[in-house]
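In what follows, chains are A, B, ... by sequence order, proteins preceding strands, each numbered from 1. Because only heavy atoms are used, hydrogens play no part in the values below, and waters and symmetry mates are left out as well, while side chains stay in.
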Amino acid sequence: MTPFVRIQNIGEFIEQEVTIKGWLYNKRSSGKLRFLLVRDGSATIQCIVSKNDIPAEVFENCDLLTQESSIEVTGRVSRDERSPLGYEIQVSNLSIVQIAEEYPISKKEHGVDFLMDNRHLWLRSSQQHAILRIRHEVIRAAREFFDQRDFILVDSPIFTPNAAEGTSTLFETDYFDGKAYLTQSGQLYGEAAAMAFGRIYCFGPTFRAEKSKTRRHLTEFWMIEPEVAYFNLQDDMQLAEEFVAHLVQSVLKNRLPELKVLERDISKLENIKAPFPKIHYREAVAMIKKENPAFIDGDDFGAPDETIISEKFDRPVIVHHYPAAVKAFYMKRDPQEPEYALAMDMLAPEGYGEIIGGSQREDDYELLIGRIRDHGLPVENFQWYLDLRRYGSVPHAGFGLGIERTVTWICGIKHLREAIPFPRLMQRIYP
RNA sequence: UCCGGCGUAGCUCAAUGGCAGAGCGGGUGGCUGUUAACCACUAGGUUGUAGGUUCGAGUCCUUCCGCCGGAGCCA
């Protein structure tokens, strides 16, 4: 028996006979030679079948193979300068696991809708493979970052009895004799957990029923949300910039080949080191007004406004002190200038827009209950949340980072639907 | 919800109001170093739907459906 080897480790087996198990990615031929490009999920390698070196039956089997047929290939590993991987396999035997039917995804270009209909197969292509490996690295590095800082993972529920910030954007679902809603943020539960553990994060899917049809929106996306007791806005911004820098540097360190597959401009990522520029809302408005005179001071930024700000910097920029009127009820106001909230957003460069939203939370019971009423929210649903301000309330802050937006930016791809294995969009719930 | 764009072969696209076409993929054959290999031959069509204008509609007009992008909202 020859050893069963993953292609990514093939360099350890030079001039040895090995078996690889995978799928036929592509096939070329020249007379009495067959070139089989075989992928196994770890990498792709070219296998050469020479008619004169092997039994006739094995050679004939090569011509039966269709794209994505599953095969086991045995042969001798050699170095080869012509190979992108650096290695080839001279085939001595080949067994067919299954002959694939005509594969819908060809080597030429396809449209987005067709590829999304075939998302379950599209995942096999090299670009999608690279993106999802980078997604894996972003998530791994995110957990590593918080784990190293003694944060405890405390996940929040998916079913919730009420809205965090309003009811218009929630998915409603039957819950026995009543209604439940799919969560749009784990934050309120994160605050409860922070009062229990000091520093926590939650990581899970969140849901927005907004009818958004843009390249920046999904109806189901993943968010990682740290929450820290005794943190103020400054602490929160510092945590956020160190966090994002860690994510980018981890991808550069561990997924450089994948970035190259995506033809990402690496120099744009190498800049991403803390500290990041931080500007007050008022400064941001001044910058926007130079290019968009129609912008009204006091409004939230639109996507074009975010781009105006972010293109001024070579790394993510944090905008803080947004007008309280455009922000959520739970955000604390600045005692010095109460019209502004102790809120911050982080905007990714190159026009990728908001990847983080965070704030210091209102910790005063009376002020918080007033905000809940001002926003027309049912106070009775927030009794447990208000309890956090009755039993040892402390200053605290946190933020949420959108995984898909972050992956989209790091990968330098156009649309975040490719940054999640099976995207859920307003117009798509299949496959 | 609003604004804009697009629906032609399995896929990506072409076709001035006048014979429905190419590349890829499929099939057959050829080639001993191919790199989205190449060469030859071949099969493949209710032009999204319903109506209208016209001697004649893939093309012009209207309806509906689907998709894409953007706005709003947000991660």
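Of all the heavy atoms in M331(A) and A343(A), the pair that sits closest is SD-CB, 3.5 Å.
The side-chain tip of R149(A) points at the ring of F145(A) from less than 6.0 angstrom away and within 45° of straight on.
Within 6.0 Å of the CD atom in Q148(A), the count of heavy atoms belonging to other residues, nucleotides or ligands exceeds 12.
Note on D113(A) versus R428(A): salt bridge recorded, some NZ/NE/NH1/NH2 to OD/OE distance being below 4.0 Å.
Base pairing analysis places U62(B) opposite A50(B); the two distances defining the Watson-Crick or G-U wobble pair are each below 3.5 Å. Using the Watson-Crick or G-U wobble rule with both distances under 3.5 Å, U8(B) pairs with nothing in any strand shown. Nucleotide G56(B) is matched to nothing when pairs are restricted to Watson-Crick or G-U wobble geometry with both distances under 3.5 angstrom. The nucleotide G25(B) finds no pairing partner, because no Watson-Crick or G-U wobble arrangement with both distances shorter than 3.5 Å includes it. Base pairing of A71(B): its partner is U1(B), meeting the Watson-Crick or G-U wobble criterion (both donor-acceptor distances under 3.5 Å).
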Apply salt bridge (charged side-chain N to carboxylate O under 4.0 Å, His left out) to E144(A) and R140(A), showing your working. CA-CA 6 Å; E144(A) 173 184 74; R140(A) 190 203 63 75; 3.1 Å; yes
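Residues H415(A) and H217(A) both approach RNA chain B. Their nearest nucleotides, taken by heavy-atom distance, put H415(A) toward the 5′ side. Both E404(A) and L425(A) lie close to RNA chain B; mapped to their nearest nucleotides by heavy-atom distance, the more 5′-ward contact belongs to L425(A).
Picking from U34(B), G33(B), A75(B) the nucleotide with the shortest atom distance to the side chain of I48(A) gives G33(B). Closest to the side chain of R216(A), out of A71(B), A75(B), G33(B), is A71(B). Ranking A75(B), C74(B), C2(B) by closeness to the E306(A) side chain, first place goes to C74(B).
What separates CG of D113(A) from P of G66(B) is a distance of 12 Å, to the nearest Å. Protein atom CZ of F114(A) is 16 Å distant from nucleotide atom C1' of U8(B), rounded to whole Å. One atom, CG of L64(A), and another, C1' of G26(B), lie 15 Å apart when rounded to the nearest Å. Atom CG of D300(A) and atom P of G72(B) are 10 Å apart (whole Å). At whole-Å resolution of the value, NZ in K213(A) and P in A71(B) are 13 Å apart. Put simply, NZ on K32(A) is 16 Å from P on U34(B), counting in whole angstrom units. Distance, K327(A) NZ to C73(B) C1': 11 Å, rounded to whole Å. As rounded to whole Å, 15 Å separates atom P of G10(B) from atom CG of D117(A).
The side chain of R34(A) places no N or O atom within less than 4.0 Å of a non-bridging phosphate oxygen (OP1 or OP2) of C31(B). When the side-chain nitrogen and oxygen atoms of K211(A) are compared with OP1 and OP2 of U1(B), one or more of them lie within a distance under 4.0 Å. The side chain of R215(A) contributes an N or O atom lying less than 4.0 Å from OP1 or OP2 of G70(B).
Residue side chain S29(A) reaches the base of C31(B) through a donor-acceptor N/O pair under 3.5 Å, judged by distance alone. For S106(A) against G10(B), no side-chain N or O and base N or O form a donor-acceptor pair under 3.5 Å. If you check distances only, the side chain of E88(A) does reach the base of G33(B) with a donor-acceptor pair under 3.5 Å. Side-chain atoms of E101(A) stay outside donor-acceptor range of the base of G25(B), with no qualifying N/O pair under 3.5 Å. Side-chain atoms of R405(A) come within donor-acceptor range of the base of C74(B), with a qualifying N/O pair under 3.5 Å.
Below 30°, between 30° and 60°, or above 60°: for Y322(A) and Y281(A) the angle between ring planes is between 30° and 60°, a tilted geometry.
Screening H321(A), E283(A), E241(A) for a side-chain hydrogen bond (donor to acceptor under 3.5 Å, both in side chains) involving K278(A) leaves a single residue, E241(A).
Among the heavy atoms of the strands, none lies under 4.0 Å from E225(A).
Where stacking is scored as ring centres under 5.5 Å apart with planes under 30°, Y103(A) does not register as stacked on the base of G25(B).
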